[in-house]
Amino acid sequence: MKAVVLGAAGGIGQPLSLLLKANPAVTELALYDIVNSPGVAVDLSHIATPAKVEGFLPPDDGLKKALTGANVVVIPAGIPRKPGMTRDDLFKINAGIVRDLATGIATTAPKAFVLVISNPVNSTVPIVAEVFKKHGVFDPKRIFGVTTLDVVRASTFVSEVLGDHSLSLSVSVPVVGGHSGVTIVPLLSQSSHPLPASLDAAAVDVLINRIQFGGDEVVKAKDGAGSATLSMAYAGAEFAGKVIRAVNGEKGIVTPTFVNLASDKTGGDALRKEIGKNLDYFSAPVELGVDGVTKIHGLGKITPAEKALVDAALPELSANIEKGVAFVEVPKL
């Protein structure tokens, strides 16, 4: 199992690479960045786990060497969000970075499972897909937007509301829609651990807002020195671990992720009908398998308030997707 981290020397990339090195299922780990990746690789190579680690830089076909033989490629590359910067601002810089990395994957490791962390995910996942289409290697089952941080935050914040941090590992809340602000829709009514009956509507709204805008909380707390890098690395490694387990044959792994709805036509069509909009991408609970996406699950029974949150997410989500698609020019046949 060869895992590749593109953007491995950054704030997310380094702790993510550490967590992947600690995963005993990873036997080979390739780290790529524009600076420092060989040093990060040597540092990690001293850790007593199975993965052989190598670091690569752009010169001498470094990207191609890193990607050769890749099974799973995780992309945290790009700049982090800074105070006052919107996810839309990030697009201008990160879109080009993701496009170029996607070109490398499409030409060197087109069958790899691609896990996109680089923000804004609602736009960068369509960019990767359009690049793959351009190269004739697009398989919607193998491209994922990592929305796991929203799920992790929901588990953490619900356990805090319940007054018991030890529950955070067992609390499960489906988070659907997208991966920015109002496009993040936590389905709290489906929490494995129901919210206290004493929690009023205003308190629930505060909880939802905190899940949607948790990244702002971190950016503010770091006072301009960074964004949610450590929690994102943890979430990225969690999702990568689930993909690896599914690829290795484990059954029944279901987790929210932002995917192209063509990856499961039946499930995707049903979800479009459920949300009432003809989107190509949406984050929903997805069953993972040896070929990537096995089944897209619907939203299930949601409350009128949650339906309103989904409806509020759709315009921005649609605009984000269109922006990503438009960024990559695909010649008309």
Side-chain angles (χ1 to χ4, degrees), residues 1-80 97 101 104-105 108-109 111-118 144 146 148-149 151-153 155-156 165-166 168-169 218 222 225-250 253 255 257 288 290:
M1 178 62 62
K2 179 175 179 178
V4 181
V5 180
L6 303 181
I12 297 171
Q14 289 201 42
L16 173 62
S17 299
L18 170 62
L19 291 166
L20 289 174
K21 173 69 170 116
N23 185 331
V26 176
T27 55
E28 196 174 343
L29 183 60
L31 310 182
Y32 175 84
D33 212 323
I34 56 173
V35 292
N36 301 334
S37 44
V40 175
V42 170
D43 193 357
L44 291 179
S45 72
H46 292 188
I47 297 171
T49 59
K52 174 190 174 186
V53 191
E54 281 189 275
F56 300 90
L57 295 168
D60 194 27
D61 265 345
L63 180 58
K64 184 176 182 179
K65 288 176 179 174
L67 289 167
T68 299
N71 301 110
V72 174
V73 180
V74 192
I75 312 178
I79 66 159
I97 295 171
L101 294 174
I105 303 167
T108 305
K111 295 291 189 183
F113 297 94
V114 183
L115 284 50
V116 184
I117 290 173
S118 306
F144 303 90
V146 181
T148 312
L149 182 52
V151 179
V152 168
R153 282 182 174 138
S155 298
T156 304
H165 272 280
S166 69
S168 59
L169 287 173
V218 178
K222 289 191 175 181
S227 58
T229 52
L230 299 174
S231 52
M232 186 63 249
Y234 171 84
E238 280 284 296
F239 184 72
K242 288 178 179 178
V243 170
I244 290 167
R245 282 159 47 203
V247 170
N248 282 337
E250 186 175 330
I253 299 174
T255 186
T257 174
L288 304 173
V290 293

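Starting from 1, each residue takes its place in the sequence as its number. Note that this is a predicted model, so its numbers are computed, not measured. Below, all heavy atoms of this structure are taken into account, side chains as well, without hydrogens, waters or symmetry copies.
When all heavy atoms are compared, the tightest approach of A30 to K2 is CB-CE, 3.8 Å. Here the closest heavy-atom approach between residue A51 and residue V26 is recorded as CB-O, 3.3 Å. Of all heavy-atom pairs spanning S17 and A8, the tightest one is OG-CB, 3.8 Å. Across all non-hydrogen atoms, the minimal contact from G7 to P76 is O-CG, 3.8 Å. For the pair V247 and V290, the tightest heavy-atom approach, listed with the atom from each and the gap, is O-CG1, 3.6 Å. The nearest pair of heavy atoms linking I117 to G236 is CD1-CA, 4.1 Å.
Note that CG of D61 is 11.0 Å distant from CZ of F56, once rounded to the nearest 0.5 Å. In this structure, the separation between CG on L29 and NZ on K52 is 11.5 Å, given to the nearest 0.5 Å. Within the model, atoms CG of L67 and CG of L63 stand 4.5 Å from one another, a figure rounded to the nearest 0.5 Å. Taking CG of L6 as the reference point, atom CD1 of I34 lies at 12.5 Å (rounded to 0.5 Å).
Not a single side-chain hydrogen bond (donor to acceptor under 3.5 Å, both in side chains) links K64 to another residue, sequence neighbours left out. Remark: V151 engages V175, P256 in a side-chain contact (heavy atoms from CB on, under 4.5 Å) (not counting sequence neighbours). Applying the side-chain contact (heavy atoms from CB on, under 4.5 Å) rule to A228 yields the partners L149, R153, V218, S231; only residues at least two apart in sequence or on another chain are considered. Every residue meeting the side-chain contact (heavy atoms from CB on, under 4.5 Å) condition with T148, not counting sequence neighbours, appears here in chain and number order: V146, V152, A235, E238, F239. In terms of the side-chain contact (heavy atoms from CB on, under 4.5 Å) criterion, residue partners of A246 (sequence neighbours excluded) are, by chain and number, I253, L288. Among residues two or more places apart in sequence or in another chain, the side-chain hydrogen bond (donor to acceptor under 3.5 Å, both in side chains) test is passed with T229 by K222.
Under the salt bridge (charged side-chain N to carboxylate O under 4.0 Å, His left out) criterion, no residue pair touches residues 10-20, with sequence neighbours excluded. Within the structure, the side-chain hydrogen bond (donor to acceptor under 3.5 Å, both in side chains) test picks out the following pairs touching residues 24-51 (sequence neighbours left out): K21-T49. Among residues at least two apart or in separate chains, side-chain hydrogen bond (donor to acceptor under 3.5 Å, both in side chains) pairs with a member in residues 239-250 are R245-E250.
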Apply side chain to side chain contact (heavy atoms under 4.5 Å, CB included) to residues T257 and V243 and explain how you reach the verdict. CA-CA 11 Å; T257 174; V243 170; over 6 Å; no

L44 and L31: CA distance, side-chain angles, deciding distance, side chain to side chain contact (heavy atoms under 4.5 Å, CB included) verdict: CA-CA 10 Å; L44 291 179; L31 310 182; 3.9 Å; yes

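Put simply, the residue from L20, I12, L115 that forms a side-chain contact (heavy atoms from CB on, under 4.5 Å) with V5 is L20.
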